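Written out below as structure tokens is the structure these notes cover.
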There are 2 protein chains.
Amino acid sequence: MTEVNSRRLEIDALRVLWSVRRHGGITRAAEALGLSQSAVSHKIKRLEVSLDCDLLSRKPGAPVFTAAGEDLLDYAKRILGLHDEALLSLTKTPLAGRIALGLTEDTTCTDLARILGRFRRLHPDVAVRTKVRMSLVLRAMLEQGELDAAIVQIFAHEVRPTDIVLFREQLYWVKHSDLALPPSGPIPFLSFDDECFYRQWALDIGQDDDTLLETVFECASAAGIVSAVTSALGVALLNGRHLRPGMDIITNRLPTPPALAYVVRRARKARNPALDTLVAEIENEVSRYGGLTLAS
Amino acid sequence: MTEVNSRRLEIDALRVLWSVRRHGGITRAAEALGLSQSAVSHKIKRLEVSLDCDLLSRKPGAPVFTAAGEDLLDYAKRILGLHDEALLSLTKTPLAGRIALGLTEDTTCTDLARILGRFRRLHPDVAVRTKVRMSLVLRAMLEQGELDAAIVQIFAHEVRPTDIVLFREQLYWVKHSDLALPPSGPIPFLSFDDECFYRQWALDIGQDDDTLLETVFECASAAGIVSAVTSALGVALLNGRHLRPGMDIITNRLPTPPALAYVVRRARKARNPALDTLVAEIENEVSRYGGLTLAS
DNA sequence: ATGTGCTCATCGAAATTTGTCATGTGCGAT
DNA sequence: ATCGCACATGACAAATTTCGATGAGCACAT
């Protein structure tokens, strides 16, 4: 058995482990990290050999990680957090000023909150004011100069060159397995309220003769829409994160929904070094970990 | 400049940095870590290149570490602490019971306190009772079965095969530069009190005709003796850690003092798995970092 | 001014580690 | 039985790290 003294948890090995956790498998983790699938597999194997314990259960239907794997993941998160903060601390410049930042409800959660927390620790003289609104509202605020930057969800084809894409996702027409759609006539539609930027798209295509949608339910939150779908009340447009077991994806009778993107969009203003630094940190995080975790 | 994304602080590089800090230079850090001097030099250089900043000042008379180096050392300490705890957590077995542990005042400080704290976090069902006494007293308590183990200071030649040596140090006869010893006759001796195990040795050799010691000061603490030496009151036996600028080491007229060792000594008892584990952790720490830091 | 001893830096070679490519294995769906 | 997918494995190439030898710089003694 490997001497404990020679054991060490390489930072990259921990990052790989974390990526397997957040991407759900070796192949997708490899893609996110820009490595080959076998490189990730080898890396995890070497880690397991050096620790003399299994980290992945490798059993169909079982959780991906063993108890030891979960234990190590907790440490990995903390070690990687300190590691990344150390790197930032060494390259930081003294910053001061204020940032008005807009976020959607989705993004006021794990990864971005952590990045903001770290940014505040490293740059205590920068005041970050955060407003949480839906994407349409945030875009209007940006145009009106009320915000310095916002993280908004937009149609993928609306991405501007100056936008920084944090996350792409796909919308799906979904319904519950138990819901039988009428062979013809309007389809019952579960609609977000008028602050949801892609509801208008849905309503627009719903005016076509052969794909008539009839709004039977209206709600502002994704949780409400998910609940209505689960209750077989009708059809809804949902992104991948909100799909649940028992939901069918409809590919006939309705046009393919457009792709979405979460982007960091800046106001058209003079440069703000503090904002530059914050945006750079967000970009680096996405690049290093293959994405950000959003709420589901 | 290296992309920030490719930067990473290897655990071994951080350990090397920490070792340079605690051993005072690259050559001694290399010795403590079992690497060649050039390997350590290379490692630090590679770290500096990858971070694009100097960590060591490399100027005679200046502090060994730059401000960036100090910043990184702080993170290194925390990252290494988590790393080592993660390794222990993965190999831990469920332990319960109680340990009666004896420590000297010297050892109730940084490294050992940290090891004990980590042990308690990893094994909350083990009750560690710590008694702080001087070495002679602790040895007596061990013999009487009042302690399961103790960390004591003893003469190097008294180390038993079952002892675990944590630290060796040398004693020196010292006096202040301003103190002129009488050309003949008794030497004024600054003595620890009768709980100090090597005072008897000093008093014994003080009975020889040509190296008569005359006790002119008696104190229980090293701080008190250091103060008396600094006040040019007389000569004392001190270990390397207590040497201060302005102190002369006397090598003539007095016999060479014996070497000392700090050891973990266990009581002659049935095996206690919790104690086995704690002792193993202490041993591993010494091995990994090239020693423990004691109070000075 | 010169010589000595010590610490650290550098070069080239050797050793070790890591990643890629190709391929094999196992499982679930059809 | 066949197919598609995710993961494991072996062999090899590429990258990284360590070692040994040696040079540079500094403080100190003469």
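Note that this is a predicted model, so its numbers are computed, not measured. In the text below, chain A, chain B and the rest are named by the order of the sequence lines, each starting its count at 1.
In this structure the side chain of B:V226 reaches within 4.5 angstrom of the side chain of B:M247, judged on heavy atoms. A 4.5 Å side-chain heavy-atom check between A:R21 and A:V64 finds every atom pair outside the cut-off.
A side-chain contact (heavy atoms from CB on, under 4.5 Å) with A:L73 holds for exactly one of A:V20, A:L55, A:L17, A:L14; it is A:L17.
Ring-base stacking between A:H42 and D:dT9 is satisfied, the centre separation being under 5.5 Å and the plane angle under 30°.
When the nucleotides C:dT7, D:dA21, C:dG19 are ranked by their closest atom to the side chain of B:R28, C:dT7 comes out on top. Between C:dG28, D:dA6, C:dC8, one nucleotide has an atom nearer to the side chain of B:S41 than all others, and that is C:dC8. Nearest nucleotide to the A:L35 side chain, out of C:dT20, D:dT9, C:dG28: C:dT20. The listed nucleotides are D:dT18, D:dC19, C:dG19; the one nearest the side chain of A:K43 is C:dG19. Nearest to the side chain of A:P60, among D:dA8, C:dG28, D:dT9, sits C:dG28. Out of D:dC7, C:dC8, D:dA21, the shortest distance to the side chain of B:S38 is found at D:dA21.
Between A:K45 atom NZ and D:dC7 atom P the separation is 14 Å, expressed in whole Å. The CD1-C1' distance, from B:I44 to D:dT17, rounds to 14 Å in whole Å. When rounded to the nearest whole Å, the span between CD of A:E48 and P of D:dT9 equals 10 Å. Between the NZ atom of A:K59 and the P atom of D:dC7 there is a distance of 15 Å, rounded to whole Å. Taking atom CG of residue B:L55 and atom C1' of nucleotide C:dA9, one finds them 16 Å apart after rounding to whole Å. If you take CG of B:L47 and P of D:dT18, they are 12 Å apart, rounded to a whole angstrom. Rounded to an integer number of Å, the gap from CZ of B:R46 to C1' of C:dT17 is 12 Å. The CG atom of B:L33 sits 13 Å away from the C1' atom of D:dT18 (whole-angstrom rounding).
Within the structure, every side-chain polar atom (N or O) of B:R58 is placed at least 4.0 Å from both OP1 and OP2 of D:dC26. Checking the phosphate oxygens (OP1, OP2) of C:dC8, a side-chain nitrogen or oxygen of B:T27 falls inside 4.0 Å.
Across A:C53 and A:A68, no two heavy atoms sit closer than the pair SG-CB, 4.1 Å.
Side-chain polar atoms of A:D54 and A:T66 form no donor-acceptor pair below 3.5 angstrom.
Residue B:Q37 places a side-chain atom within donor-acceptor reach of the base of C:dA9, judged by atom type and a 3.5 Å distance cut-off alone.
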